[in-house]
Structure formats: C-alpha cells, structure tokens
Amino acid sequence: MADVTSWREAGSAAPAPGASGASGASGASDAGARALARDVRAGLQSTPRTLPCKYFYDDHGSRLFERITRQPEYYQTRTEQALLEEHAGEVIERVAPRELVELGSGVGRKVRLLLDAMRARGLLRRCLLLDINALYLRRSVAQLAAEYPGAEVRGLHGDFQADLQRLGPGGGRLVLLLAGTLGNIVPRRLPEFLSQVRALLVPGDGFLVGVDLVKDRARLEAAYNDRAGVTAEFNRNILAVLNRELRADFDLGAWEHVAFYDEDEAWIEMRLRSAADQRVTLPALGLACDFRRGDEIRTEISAKYTRASLEARLAGSGLRLSRWWTDAGQRFALALLQPDVAPHDGSDLPPGAAGFPSGSNG
Ligand code: SAH
Ligand code: AVI
C-alpha cells in the first residue's frame, strides 16, 4: 500500500517550488512559489546575502546530489552506508520500531537496511518518507511499496523544519535523518529542531542521525570541491531555480563556486561569488540586486560535529545520546538519540514502558 500526501494542500508552508509536484496540483505550486518568493526576498536583502539550501533540490538538483554521493572525494555516503550495514540490526533491536520515518529521504536507498532489519524481526508495519522533492519522494514510495508489500508506505511532501507536527504522535517509531543533513541546519537552531523531533517520540522511540565529523580541513574541503565539478554545478543550480521560478536573470556563468571550512564555526560554508559587477533582476519580486565583482551569496552551511559538540546541542531538547557508532577513520558517525525519561514526569510513557532501560552511552 502506498500513497503520497502533499501537506501543502493542508495549508502548511510550501517548500518545493520547481520540483515536479506529486499531483501536479497548481494550488500546491502557488503556495510553493509564495514561500520561495518570501525566502529569496528576505535572503537577498539580508547581510550577508543568503539563500536557503532547501532550494537546491529541484529535480535537477536532486540528481546532482546523487552524483555528488558518487564522487571519490565525497566520503560521507559510502561511510554512512557501511556503518548502517554494520549496525542496523543493533539499532532495530534497541528501539524495536514498528514504524520508520525518514526525514529528507531522497532516493531512499539506505533506509532499506533498516527496513530489512525490521522485517527480519517481524516488526515492520509502516514506513513514512518525508522530502521536499515530490518526484524523488513519489518514486521512492512506489519502489519501497513494491519491495515491502506487507508494509504501509507513505510519502509526505513537506519541509522537515516546518511540518514535523503533521507526523502525529509517536510510539514504536524510529525517525531517521541521514547523510549529515543535520549539518545543514544552522547549529544555533538545532536545539529547536531537536525539540520538535522529540515531540514526535515517546520514551523508547529513537532518532537515528548521520553525523559528519570534524576532521582535517583538506579532506573536508575536497569533499565540497570535487574535481569533476559536480558540487559546483549543484551550487549554481540554485540560481537556475530562481531564474525559473521567479523569472530572475542570473547568468550562471558569472558566478563562481566557493566552499571552505570555517574552523571557528566547525562548518563548511558554500557560497556563490560574483565574477563581475552585475545587476540581477527578479521581476516576480519587483527586486533588482547589484553585485560587485567578489560579492558573495551564502547558499549552504554543512556543520561538522564531534560527539561532545553534538551532546552539547542536545541540552534541553529532551533527547539524550543513547548510542554512538563511528567508522575506524572517525569520519562519520551514527548517533542514536532517545527521549530522556524525566524522573518527575512519566506522563508520556507509553503503556508498559515504565521500566524502559536508560541505555548505555556507547
Ligand atoms: N537521505 C538521503 C538523501 C540526503 S540529501 C541520503 O541519505 O542519501 C538531503 C535530502 O533532504 C534531499 O532529498 C532533499 O530533497 C531533502 N531536503 C533538504 N532540505 C529539506 C527540508 N527542509 N525539508 C524536507 N526535505 C529536505
Ligand atoms: C545533504 N547534505 C548533507 C549535503 C552536505 O554535505 O551538506 C549537501 C551537499 N552540499 C554540497 N555537497 C553535498
């Protein structure tokens, strides 16, 4: 059983203009266009100029991301895949979920390792994929529904920073945020996001996060400056989204890809740098922007964590680190986060969970 729900029709923020709609409904793309217009206006008028990285992922951008994951410099995907191959069984045994929810599911490849581990233990009932790109979402849902015929597979088209409450209450739930996508959330906003995820869970549930780790600058910068230039194309693609959706006239050839590691912030920052003095018009916004040669627009941050810096961000979120796995090279980690069981308030304990073990910090 499979279906894809557009949350936008329910009146929530509309995050994916330019992506093929699941239903092609024009109301959905109107809402998407409004959200894009608001975000781009605010971002281009702020100092420094910024664009939200979620707008990379139209259909072409999603394809480019897939190509990035196959570049030799981009160690993240293959390292996380290997960690999941090794530890999926243990994750499932710790959480015993009947429902898997993947935020930012993309092609939905790695999720199979967890679904297989659930199925092997007779646990699998439901799988929910959430993504901003409706085309990839619809394809993934159809494929998983065919491969796991006993499970209810659903797609939710939305923004994991705006729409989480639509997932409803937890209980037997494992939420995934893989690929290091947690790093694309500005770290100071992470506690708020983690609290929102916590609200989807009950004690005993889990939130499995793929975490790209702090490491030497050369390796990090190489991953975002691949020799084949795929990341550069991915970065410039955000301007193509603005040209199509807002009738802007960015000349993609007049913008240079920049990606560097900011050690103080512990994040990779991607920017687009104007290669000339130029004026860009965005008629749909009634906006014209002047750029001097060398002016930059920040398009993405990709924060890198240590176990300690991630734990520091958990403070007050209601989640604790229950298990931590890394590869031998300490490049990438899987962090299993689970709700704190507040000793003074067991009101959200599910039936029978009163004796839930606290779990060890691995
Ligand atoms: N989980 C996949 C894909 C990771 S790439 C993997 O492990 O390979 C990040 C994914 O998150 C993309 O599919 C992108 O479309 C989606 N995404 C990015 N920002 C999002 C947001 N704010 N809300 C929902 N999905 C988002
Ligand atoms: C999806 N996300 C974790 C990627 C990252 O590494 O931050 C997106 C990306 N940006 C450039 N390359 C890949």
Side-chain angles (χ1 to χ4, degrees), residues 7-8 12-16 18-20 32 35 39 52-71 73-81 83-84 100-114 129-137 139-140 155-164 166-167 175-186 189 193 196 208-213 220-226 229-238 241 257-259 261 267-271 299-305 331-332 334:
W7 291 351
R8 293 179 292 175
S12 70
S20 308
D39 291 344
C53 64
K54 65 184 177 184
Y55 294 120
F56 282 134
Y57 299 94
D58 68 346
D59 298 341
H60 185 56
S62 298
R63 265 194 305 279
L64 287 171
F65 176 73
E66 278 309 296
R67 280 179 57 199
I68 288 173
T69 66
R70 296 193 292 272
Q71 298 309 304
E73 298 92 339
Y74 200 77
Y75 58 86
Q76 288 93 321
T77 308
R78 55 180 181 274
T79 312
E80 184 180 51
Q81 171 90 18
L83 284 170
L84 283 168
L100 199 65
V101 177
E102 184 174 11
L103 309 178
S105 48
V107 293
R109 196 174 296 123
K110 285 174 261 176
V111 73
R112 287 171 172 76
L113 293 165
L114 292 147
L129 304 181
L130 186 161
D131 206 281
I132 202 163
N133 183 285
L135 177 69
Y136 274 60
L137 184 64
R139 279 191 196 150
S140 301
L156 300 169
H157 182 208
D159 181 340
F160 58 63
Q161 287 198 263
D163 296 319
L164 282 190
R166 295 196 173 261
L167 285 164
V175 177
L176 309 178
L177 183 63
L178 299 179
T181 302
L182 188 84
N184 299 135
I185 298 171
V186 183
R189 300 197 60 187
F193 173 73
Q196 287 169 9
L208 185 70
V209 184
V211 185
D212 195 14
L213 298 176
L220 280 168
E221 291 187 344
Y224 293 83
N225 291 283
D226 61 278
V230 186
T231 307
E233 199 184 336
F234 175 74
N235 195 5
R236 286 191 199 95
N237 183 59
I238 202 166
V241 171
H257 165 72
V258 176
Y261 185 56
W267 69 40
I268 284 280
E269 193 162 323
M270 288 213 314
R271 298 181 180 177
T299 50
E300 184 181 65
I301 62 121
S302 189
K304 310 304 166 190
Y305 288 93
R331 282 171 298 192
F332 204 90
L334 288 177

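Whatever order the structure lists ligands and atoms in, that order sets their numbers, starting from 1.
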Among all protein heavy atoms, pick the one closest to atom 7 (O) of ligand 2 and tell me residue, atom and distance.
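Closest protein heavy atom to atom 7 (O) of ligand 2: S302 OG, 2.7 Å.
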Sub-4.0 Å atoms of ligand 1 with respect to non-hydrogen atoms of G158
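Answer for ligand 1: 23 (N), 24 (C).
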Numbered atoms of ligand 1 (with element) below 4.0 Å of D159, judged on heavy atoms
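With D159 as reference, the close atoms of ligand 1 come out as 21 (C), 22 (N), 23 (N), 24 (C).
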Measuring from F56:CZ to T299:OG1, what's the distance to the nearest 0.5 Å?
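So the CZ of F56 and the OG1 of T299 are separated by 4.0 Å.
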Starting at OH of Y261, measure out to NZ of K304 and round the result to the nearest 0.5 Å.
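The OH atom of Y261 sits 8.5 Å away from the NZ atom of K304.
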Please verify the inter-ring angle class for Y57 with F65; under 30° counts as parallel, over 60° as perpendicular, anything in between as tilted.
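Plane angle over 60°, so perpendicular.
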Backbone or side chain, does any N or O of Q76 fall under 3.5 Å from an N or O of ligand 2?
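Between Q76 and ligand 2, no N or O pair is found under 3.5 Å apart.
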Quick check: closest heavy atoms across T231 and Y224, and the distance to 0.1 Å?
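Taking every non-hydrogen atom into account, CG2-O, 3.6 Å.
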Any idea which part of [X] is under 4.0 Å from ligand 1, heavy-atom wise: side chain, backbone, both or neither?
X    : answer
S62  : neither
F160 : both
F65  : side chain
L130 : side chain

[X]-ligand 1 polar pair, N/O distance under 3.5 Å:
X    : result
T181 : no
E66  : no
K110 : yes
D131 : yes
L178 : no

Heavy atoms only: which of [options] lies closest to [atom]?
atom                    : options                : answer
atom 8 (C) of ligand 2  : M270, K54, E300        : E300
atom 1 (C) of ligand 2  : F234, Y57, F56         : Y57
atom 2 (N) of ligand 2  : D212, N184, N225, T181 : N184
atom 17 (N) of ligand 1 : L135, I68, I132        : I132
atom 1 (N) of ligand 1  : G180, G104, A179, C53  : G104

Treating E102 as the side-chain partner and L176 as the backbone partner, does any N or O pair qualify as donor plus acceptor under 3.5 Å?
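Absent.
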Using distance alone, with no hydrogens and no angle criterion, decide if D39 and Y55 have a side-chain donor and acceptor under 3.5 Å apart.
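Yes, side-chain donor-acceptor contact under 3.5 Å.
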Can N235 and H257 be counted as having a side-chain donor-acceptor contact under 3.5 angstrom?
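Short answer, yes.
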Counting heavy atoms only, which part of I68 comes closer than 4.0 Å to ligand 2: side chain, backbone, both or neither?
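It is the side chain that touches ligand 2; the backbone stays farther off.
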Does atom CZ (R78) have a neighbourhood of more than 12 heavy atoms from anything else shown, all under 6.0 Å?
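Buried by this count: over 12 neighbours within 6.0 Å.
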So, 4.0 Å and heavy atoms of G180: is ligand 2 close enough to count as a contact?
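Distance cut 4.0 Å: G180 passes for ligand 2.
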